[in-house]
Amino acid sequence: MARLAQTAGLTDVQQEILSTVRDFVDKEIIPVATELEHRDEYPQQIVDGLKELGLFGLMIPEEYGGLGESLLTYALCVEEIARGWMSVSGIINTHFIVAYMLKQHGTQEQKEHFLPRMAAGDVRGAFSMSEPGLGSDVSAITSKAVKDGDEYVLNGQKMWLTNGGTSSLVAVLVRSDEGHSPEEAAAKPHKSMTTFLVEKEPGFGEVRPGLTIPGKIDKMGYKGVDTTELIMDDLRVPADRVLGGLTGRGFYQMMDGVEVGRVNVAARGCGVAQRAFELGVRYAQQRHTFGKPIAQHQAIQFKLAEMATKVEAAHAMMVNAARKKDSGERNDLEAGMAKYLASEYCKEVVEDAFRIHGGYGFSKEYEIERLYREAPMLLIGEGTAEIQKMIIGRRLLEEYRFQG
């Protein structure tokens with residue numbers, strides 16, 4: 001075995017794309033990632049390189065200027081990018097989710113207006129679902145849209161926008177009780193939500209009338225990429241910027257996007273775990289104690305064996321979830337399992353690599369220190385482990401319903 005996490009059955013085109021991305025990661029991302037991360041600096045040069053490679057349009061259909069590739073190809077590219085620096089994969093992910101939602105649910109006019117520029121990387125996407133007091137309870141959204149002639153007026157505060165500052169298009173989920181009585185809206189809140197396509201200028205402060213991006217949230221890890229709040233104060237959005245043209249469908253559109261986003265988070269977990277294994281196995285062969293490399297100590301070999309097995313298992317589940325979605329089948333069970341397992345295994349593999357490094361793992365001079373701060377984000381991104389277990393449990397009860 002030359003490398004862990006190989007994928008069988010790839011086409012020549014897929015292999016060529018992955019080889020190109022892997023070379024880019026090795027040459028352009030890994031050598032500078034830790035320095036940029038410590039400065040919390042946006043990786044503009046790396047992003048420009050990804051734009052040149054066409055990765056912003058990887059899954060956008062060819063008719064709109066994209067590469068028209070599969071979710072599997074995209075997930076494997078994300079795995080490689082996260083292996084270099086997880087923050088870069090986050091920059092791609094939110095853009096990808098918005099492009100996917102447009103492709104699946106947008107009107108023809110919306111597709112023609114946004115997708116070609118998104119494929120070129122000239123328009124960068126972000127999506128906004130969470131709010132300060134929301135957590136995992138999406139039905140508790142309080143941000144609201146009210147119809148006013150040919151426009152909607154949006155008010156509310158959103159939270160945890162990846163690419164909030166650098167994006168120029170945000171898919172925002174808000175309440176819109178249009179067509180529903182207060183009783184109906186309270187009883188079925190998911191049917192009273194709408195996704196709006198909000199265009200804005202990149203940057204911070206008031207980025208268009210009624211829309212403010214206050215600034216970057218200071219985080220433990222996942223630095224470089226900007227994570228922000230979004231404040232809407234009588235923000236006016238034309239009615240033709242309702243995703244799909246009809247209100248009341250926003251929750252289901254967002255969940256469709258989050259479902260493929262969970263495959264992406266699983267891929268990120270696989271990539272970070274692979275890098276942690278690489279660092280651990282390399283250090284174990286370089287570091288000597290008691291007259292021999294620590295890799296020759298049985299305790300270290302056991303760790304390496306466990307780490308490699310977890311990397312392989314997570315990769316296999318991620319690939320299975322992506323292929324299930326590409327086949328056109330429902331994949332919420334597989335995506336939930338892949339996201340849950342990959343994020344948990346990522347945390348464990350990173351911690352084992354950290355332990356192998358001993359005291360040096362605590363030093364900012366060593367790359368594993370960065371990975372140790374990045375891995376926890378995957379435990380909560382695109383739904384916590386507890387949410388994944390709820391999804392998995394409910395789906396299993398559907399599939400294995402006892403007929404008494």
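The model shown is predicted, which means the values in this text are computed figures rather than measured ones. Position 1 is the first residue of the sequence; numbering continues from there.
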### Query
Going through the checks in order, is the salt bridge (Lys or Arg N to Asp or Glu O under 4.0 Å) test met by Glu398 and Arg394?
CA-CA 6 Å; Glu398 288 179 20; Arg394 288 171 181 170; over 6 Å; no
### For the student: nearest non-hydrogen atoms of Cys270 and Ala342, plus distance
SG-CB, 4.3 Å
### Message
Measuring only between side-chain heavy atoms, which start at C-beta, is Lys216 closer than 4.5 Å to Phe204?
### Response
yes
## Note on the structure
Of all heavy-atom pairs linking Met317 and Met337, the shortest is CE-CB, 3.4 Å
### Task
Could you walk me through whether His315 and Thr7 pass the side-chain hydrogen bond (donor to acceptor under 3.5 Å, both in side chains) test, one step at a time?
CA-CA 9 Å; His315 175 83; Thr7 309; 2.8 Å; yes
### Query
Charged N to carboxylate O under 4.0 angstrom, Lys324 versus Glu334?
yes
### Query
Do the side chains of Asp148 and Arg236 get nearer than 4.5 Å, heavy atoms only?
yes
### Message
Is any side-chain heavy atom of Glu199 closer than 4.5 Å to one of Leu197?
### Response
no
### Task
Using the salt bridge (charged side-chain N to carboxylate O under 4.0 Å, His left out) rule, pick out the option among Arg268, Arg22, Arg275 that qualifies with Glu80.
Arg22
### Query
Taking the side chain as C-beta and beyond, is there a heavy-atom pair between Leu378 and Tyr222 under 4.5 Å?
no
### Query
Between Lys389 and Glu386, does a salt bridge (Lys or Arg N to Asp or Glu O under 4.0 Å) hold up when you go through it step by step?
CA-CA 5 Å; Lys389 290 177 185 178; Glu386 290 73 22; 5.3 Å; no
### Query
Hey, are the side chains of Ile356 and Ile300 touching, using non-hydrogen atoms and a 4.5 Å cut-off?
yes
### Query
Would you say Lys147 and Tyr152 make side-chain contact, with heavy atoms under 4.5 Å?
yes
#### Entry: Neighbour count >12 (heavy atoms, 6.0 Å) for atom CD, Glu329
yes
### Message
Just so I know, are the side chains of Phe196 and Val242 near enough to count as touching, which here means a heavy-atom distance under 4.5 Å?
### Response
yes
### Query
Between Arg262 and Asp332, does at least one N-O distance fall below 4.0 Å, as a salt bridge requires?
no
### Task
Any chance you could lay out the side-chain hydrogen bond (donor to acceptor under 3.5 Å, both in side chains) test for Glu382 and Asn264, step after step, and finish with the verdict?
CA-CA 9 Å; Glu382 257 44 310; Asn264 176 288; over 6 Å; no
### Residues Lys310, Glu348: salt bridge by 4.0 Å N-O rule
yes
### Query
Looking at Glu278 and Arg282, does any basic side-chain N land under 4.0 Å from a carboxylate oxygen?
no
### Query
Should the ring pair Tyr283 and Tyr360 be called parallel, tilted or perpendicular, given that the plane angle runs from 0 to 90° and is split at 30 and 60?
tilted
#### Entry: Any Ser89 side-chain heavy atom under 4.5 Å of Ile92 side chain
no
#### Entry: Cationic N near anionic O, under 4.0 Å, Arg355 to Glu351
yes
